[in-house]
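Model, not experiment: these values are computed from the prediction.
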Amino acid sequence: MTATALPQPNFFQAKKGIASWIFTLDHKRIGLLYLFSIGTFFIVAAGLGVLMRLELLNPGRDLMDPQTYNQVFTLHGVIMIFLFIIPSIPAVFGNFALPLLLGTDDVAFPKLNLLSWWLYIIGAFFALGSLVYGEGGADTGWTFYAPYSVKTGTNVTPTVLAAFILGFSSILTGLNFIVTIHRLRTPGMGFNQMPLFVWSLYATAWIQLLATPIIGITLLMIVAERVFGIGLFDPSIGGDPILYQHLFWIYSHPAVYIMALPAMGIVSEIIPTFAQRTIFGYKAIAYSSMAIAFVGYFVWGHHMFTSGMSGPAGFIFSILTFFVAIPTAIKVFNWVATLYKGSINIQVPLLFALAFIFNFMIGGFTGLVLGSLAADVHVHDTYFVVGHFHYVMFGGAVFAFFGALHYWFPKIWGKMYHKATANVAFVLLFVGFNVTYFPMLILGLQGMPRRYYDYLPEFHGLNMVSTFGSWIMASGLIIMIVNLFISWKNGAKAPDNPWNGITLEWQTSSPPPLHNFDKMPELPEGGPYNYPDAISHQEKN
Amino acid sequence: MNASNFVEGVDFSLYMIMGISLVFLIGITVVMVYFLFRYSKKNNPVATNISHNNTLEVVWTVIPTLLVIMMFWYGWTGYKPMLTAPEDAIEINAIGQMWKWSFEYPDGKITDSLVVPIDEPVKLNLISKDVNHSLYIPAFRIKQDVVRDAGNMMWFTAQKKGTYDILCAEYCGQLHAYMLTTITVMDRSDFDKWLLTEPDLSNQHPGLTILQRNACLSCHTRDGSRLVGPSFKGVMGTSETVVINGEETEITVDRAYIIESMKNPNAAIVKGYQQGLMISYEQIISAEGMNQVVDYLETIK
């Protein structure tokens, strides 16, 4: 970070060749390695999702037998959860943007960072390897519930080992980010001057670090039971299937916040930049991330209200679950308030952020239904749950991921995406998403269970609507991806700061040089989003 | 009248949460879209930095807190009565296995579908023979997981005559979506009559009755089509390649092989079929019953 007048080569030009990528220690390149590997898996799993919707277009067999369908929904879930959405925003945009946002040259442990990506790739090979021999891929659902996961003849062991290895990738990324945030902030940047995306990565990293080991041990217990016949979870050899559910959800509920918190961080970056004013309630948004991460550890039991749980346990898990709604609501109110008296530049990243708020609200409100003991008894394990978590995960986290992709696209490649095409893709995605998943909420209220290959005739109409929606959504997805690829190759050159942002990444060139900043970035006066061109509210008083 | 005594509590909790949510969803969305246009770059060229407002933060923390505590409370009060069945409830064993429900009445009657009298509490003892299932009656708004050796139960009072679906809500393998049956609610007098009428099985082969009782036909067809296990059609006397301890062997399907397969289903699996899904029937079907099963198989050509 020396002050030099010579223009540095950007991080794409700095080195050439495949080895300079797969063994790179540069956080930006590692972020892009993740983007392309994660993106590939997302496309594969989305394709599986479209196939599932096609099978459910009509009752009875449409294109595959029940066993294949069960393996397809398991693979869809395993890829989407473990290979896409858990790493997604932290691994891609955390890696790319965190050091830039902090005004530093890399993460704290670049070699550990590279190891995390390699662990991700090894885990992916285990997951895909399970498909090609013996009875084929696991047919247990991504939850691997015992005792079915112990009994089935499909390749559960390699799938479970894949999730185990991917867990280590996640733990190491979390550890790396915690140390980076504590040690490598640019001089003058205290915790309360950090951009909110950094806050959300910080909250997420603690969950990755503390919760992931539990799923690791649990998955090894499944392997021990399958390979050595140790009776841990299968009652026919003395195990307890409910124990498995507890151990699984102790991780997998906090994991929901690994997926959601970074998305909230993205929204907290995008909204002030396009409103050209300071974020409303900085501390409320920052600390509510920590509150969600903390309370999120103690609510896992709401996945088990119908498992035979005792009344007092249900009481406690239910009320704690409702408390998670409070910090989430606080965030939504502050985001909307940030639009007030802004000077709003309506661009695709902002549209994705606002779509996030809308979809996430539906995801959150349906979550209240599931957190309520009485209502949950009816809708638990139905399509209502499928609709709910796709609203949170897809409508929420993935929309934020797409928003981030457009937001930082000019920073990453120094090119601008084709804006009109991006608008079309956004509209198709937003409409298609809601047409696909809203009918699922109604189907669940009508009593259609989830993980159903076939269904009773009364569920036909809404299943057809949902399948039509999946086609709209798929076309939006294809247009978006093609547009980004073409823009990457042939897009118009983008200025270093196309959105007039004031967080530090906009002070360097696009694409950034290998060491990020040619000269020391300057912190904005009075907080990370205190726009100098906006009217100061205090002075007016 | 509601279909069961729990419909009111569950639906109240559902509709209250959905109603409050809808007000917030519409309100916040309208405000968001309004701001988007009112404060667009064109309509408001210069933004104002407003960093926070403590009064607003308190208001939008306290109001949601009060609302969620109310939502929680009605969820709890709707749920609490499900935890304890009345002492005088009729006890029926509800048995789930891959992929069939069966019901065992106090007098020993065993059926494939559930029949209950109206306006009397019924308690179902939930028994699984293999993996997890979940007994779900959407019309009654009740669901409870059926977990082996867990001793779970559910209860209800049916309040409206009719026939309703019973579904399995916990994924349990290949034919999960077909683990369906019904519950029929009738007057006490009709129920008493129904209890006493045994289906006339005198013309039916006793081996077939055993196959039906034990969900064998969910996996093994009688028409030659392939499901989870080999079809029974013409199976006796054929030669098959089986896998014993990982090694392939040629065997002839005879009485001894079928009986051994009922006792130790994983010992010699026909090549191309999955291991591990069938339970042992050694403690469930008597030696005589097993011979009757083979007698019956010999009749399906």
Side-chain angles (χ1 to χ4, degrees), chain A residues 66-67 70 135 141 145 147-148 151-153 235 241-242 275-278 280-281 284 306-308 311 315 318-319 322 325-326 329-330 332-333 336 339-346 354 358 361 365 368-369 372-375 377-378 380-381 447 449 451-454 530-531 534-537, chain B residues 9-10 13-14 17-18 21 25 28-29 31-32 35-36 39-41 44-52 57 60-61 64-65 68 71-72 75-76 78-80 82-83 131-132 134 136 138 141-145 147-150 152 167 169-177 274-277:
Chain A
Q67 181 64 11
N70 294 343
E135 298 287 344
Y145 265 23
Y148 186 74
K151 286 178 185 289
T152 178
I242 302 300
Q276 292 288 295
R277 54 152 285 184
T278 191
F280 192 89
T306 66
S307 69
F315 185 99
S318 174
I319 196 159
F322 276 105
I326 299 163
I330 291 172
V332 169
F333 290 129
V336 174
L339 297 172
Y340 176 71
K341 292 201 172 177
S343 178
I344 301 168
N345 180 13
I346 301 173
L354 300 183
F358 178 81
M361 278 197 290
F365 291 138
L368 295 174
V369 172
S372 158
L373 285 157
V377 168
H378 177 47
H380 180 80
D381 265 330
R451 293 172 169 174
Y452 248 35
Y453 164 75
D454 197 358
N530 196 31
Y531 277 79
I535 300 164
S536 169
H537 187 55
Chain B
V10 169
S13 165
L14 262 172
I17 295 173
M18 291 197 295
S21 299
L25 178 70
I28 293 170
T29 307
V31 170
M32 194 163 77
F35 283 172
L36 197 60
Y39 300 108
S40 69
K41 205 157 70 175
N44 192 36
V46 183
T48 307
N49 279 332
I50 306 169
S51 68
H52 63 285
E57 297 288 350
W60 63 45
T61 306
T65 305
V68 296
M71 292 175 187
F72 157 76
W76 167 247
Y79 170 78
K80 198 164 168 269
M82 297 179 188
L83 294 169
V131 300
N132 301 349
S134 188
Y136 179 29
R141 307 289 191 268
I142 50 170
K143 176 187 291 127
Q144 186 70 247
D145 292 359
V147 180
R148 187 167 160 166
D149 299 343
N152 287 354
L167 312 166
E170 183 67 67
Y171 175 70
C172 55
Q174 191 162 334
L175 302 181
H176 165 56
Q274 249 198 66
Q275 209 178 354
L277 292 176

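Between chain B and the options A:G141, A:A325, A:A275, A:S372, the largest number of non-hydrogen pairs under 4.5 Å is found for A:S372. The residue among A:A329, A:A284, A:S318 with the most heavy atom pairs within less than 4.5 Å of chain B is A:S318. Interface summary for chain B: among A:L339, A:N345, A:N530, A:I346, the most heavy-atom pairs under 4.5 angstrom belong to A:L339.
B:W76 meets the side chain to side chain donor-acceptor pair (under 3.5 Å) test with no other residue; sequence neighbours excluded. Remark: A:F365 engages no residue in a ring-ring contact (aromatic ring centres under 6.0 Å, His included) (not counting sequence neighbours).
In this structure, the portion of B:V147 lying under 4.5 Å from any heavy atom of chain A is its side chain and not its backbone. Both the backbone and the side chain of B:E170 come within contact range of chain A, with heavy atoms under 4.5 Å apart. For B:K80, no part lies near chain A; criterion is any non-hydrogen pair under 4.5 Å.
In this structure a side-chain-to-backbone donor-acceptor pair under 3.5 Å is missing from B:R141 to A:V377. Within the 3.5 Å criterion, the main-chain N or O of A:S307 finds a donor-acceptor partner in the side chain of B:N152. Judged by distance alone, the side chain of B:N49 and the main-chain N or O of A:T278 form a donor-acceptor pair under 3.5 Å. A donor-acceptor contact shorter than 3.5 Å is absent between the side chain of A:K151 and the backbone of B:V131.
We find the CG-CD1 distance between B:L36 and A:I344 to be 5.0 Å, quoted to the nearest 0.5 Å. To the nearest 0.5 Å, atoms CD1 (B:I28) and CZ (A:F333) are separated by 4.5 Å.
For the residue pair A:T306 and B:D145, a side-chain donor N or O sits within less than 3.5 Å of a side-chain acceptor on the partner.
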